[in-house]
J.: 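Encoded as structure tokens, here's the structure I'll be asking about.
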Amino acid sequence: MMGPSAYLILSGILFAIGAIGVVARKNALIILMSVELMLNGVNVAFVAVGSYMGDPTGGIFAFMVMTVAAAEAAVGLSILIAIYRLKETIDITELSVLKW
Amino acid sequence: MADLVFVLLSILTVVSALIVAGNSSVIYSAVGLLFTFMGVAGLYVLASADFLAATQMLVYVGGILVLILFAVFLSNRISDAKLSNPTHMRVPSAIVCIALFGLMSNAAVTTEWAVKTNVEYAPTTAVLGRLLMTKYLLPFEVVSVLLLAALIGAALLSRPESAKAALKPDMEEGQ
């Protein structure tokens, strides 16, 4: 029977893949999806450690993360749609209005 | 048996996560995200978090993924999805992220976790509900206010410009 380390390593893999997606991709949609990946990785760690310790607090924290992820997806995607309507692109290298 | 299931679910999750972060087509990334969410829900079941697995399917697959798919369809002409989706600085970012993963897995392996040897498979819904109404009532309420704010913000942001202009006189009167 494997301990929580297996779950934690898997959650680390998910988090690292999400981080690669956030850093390396130029499409803002893919960046949002990769943020969801990172949040899922964190959730796996919370749930695994919580259930291996027999403590439901991990599940509660996973709930909070899920709620924040839902709010982030809704607001982020609506910002994305508004930007696309204005600029006709969601390539983050072309969205440099705030850069000086 | 549980080990085999864990390995299979991990492979599903990691491969589809790689598709999300690495594929050049936005649609393929969205479908990869679907399978990642399903794999993570399976992992929750394996870790004896039945209610969280159901919530994962409802919130992520039923809510967030549908939202993302709508955004894909609204913001990308499907035919030039490949052109609009390049990567940059692939090698440095991969090095940084692999170093990050090494750090985290080192911490995960070397820490002495104060854990029980086995996961007890018991229903968790009643325990979670009781905790949310007693010990974690304040975070629960804060999160509900956050959700309300996000709801109003998203509705306002995605409103078309003409509707925004129609809204403006009301807002000025309000001030």
Side-chain angles (χ1 to χ4, degrees), chain A residues 1-10 12-21 23-27 29-30 32-34 36-37 40 43-44 47-54 56-57 59-60 62-64 66-71 73-75 77-82 84 89-91 93, chain B residues 2-3 6 10 13-14 17-18 20-21 26 29 33 36 40 43-44 47-49 52 55 59 63-64 67-68 71-72 74-75 84-90 93-94 97-98 100-101 104-105 108-109 113 115-120 124 127-128 131-132 136 139 143 146-147 150 153-154 157-158:
Chain A
M1 198 64 196
M2 70 266 164
S5 296
Y7 283 96
L8 289 174
I9 288 173
L10 178 73
I13 292 174
L14 271 183
F15 192 88
I17 292 174
I20 290 179
V23 176
R25 302 307 290 268
K26 288 183 182 176
N27 190 326
L29 257 174
I30 306 280
L32 273 180
M33 289 186 207
S34 302
E36 298 294 337
L37 271 188
N40 254 290
N43 262 355
V44 169
V47 169
V49 173
S51 67
Y52 270 99
M53 290 188 173
T57 310
I60 301 278
F63 264 126
M64 301 303 164
M66 259 184 210
T67 323
V68 173
V75 175
L77 288 173
S78 62
I79 289 175
L80 221 65
I81 297 294
Y84 184 76
T89 180
I90 49 169
D91 187 332
T93 50
Chain B
D3 290 6
F6 177 79
S10 313
T13 310
V14 170
L18 281 173
V20 173
V26 188
S29 289
L33 200 62
T36 311
V40 171
L43 285 170
Y44 288 171
S48 171
L52 267 171
T55 318
V59 172
I64 293 178
L67 213 61
I68 286 177
V72 169
L74 283 174
S75 70
S84 69
N85 197 17
T87 58
H88 64 133
M89 305 228 292
R90 205 181 271 236
S93 58
C97 293
I98 287 168
L100 180 70
F101 166 65
M104 286 189 296
S105 58
V109 170
W113 299 99
V115 293
K116 302 192 282 187
T117 46
N118 273 326
V119 180
E120 284 171 29
T124 56
V127 181
L128 285 180
L131 274 180
L132 276 179
Y136 296 106
V143 153
L146 172 77
L147 265 185
L157 279 172
S158 52

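Keep in mind that the numbers below use all heavy atoms, side chains included, and drop hydrogens, waters and symmetry copies.
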J.: Any non-hydrogen side-chain atom of B:Val109 less than 4.5 Å from a side-chain atom of A:Ile9?
T.: yes
J.: Does any non-hydrogen side-chain atom of A:Met33 lie less than 4.5 Å from one of B:Val26?
T.: yes
J.: Going by the rule side-chain contact (heavy atoms from CB on, under 4.5 Å), which residues pair with A:Ser34 if we only count those two or more places apart in sequence or in a different chain?
T.: A:Val22, A:Ile30
J.: Counting only heavy atoms closer than 4.5 Å, note whether A:Ile13 contacts chain B via side chain, backbone, both or neither.
T.: both
J.: For A:Leu77, is it the side chain, the backbone, both, or neither that has a heavy atom closer than 4.5 Å to a heavy atom of chain B?
T.: side chain
J.: Most heavy-atom pairs under 4.5 angstrom with chain A, which of B:Val59, B:Thr124, B:Leu131?
T.: B:Leu131
J.: Let me know if A:Ile17 has heavy atoms under 4.5 Å from chain B in its side chain, its backbone, both or neither.
T.: both
J.: How about A:Thr57 and B:Tyr136: does a side-chain donor come under 3.5 Å of a side-chain acceptor?
T.: yes
J.: Against chain B, work out which of A:Leu10, A:Leu8, A:Ile60 has the most heavy-atom pairs shorter than 4.5 Å and name it.
T.: A:Ile60
J.: Return the set of residues passing side chain to side chain donor-acceptor pair (under 3.5 Å) with A:Ser5 (not counting sequence neighbours), or none when no residue passes.
T.: none
J.: Considering all heavy atoms of both residues, which atom of A:Val47 and which atom of B:Ala47 are nearest to each other, and what is their separation?
T.: CG1-CB, 4.1 Å
J.: Do B:Val143 and A:Phe63 have side chains that approach each other closer than 4.5 Å (heavy atoms only, starting at C-beta)?
T.: no
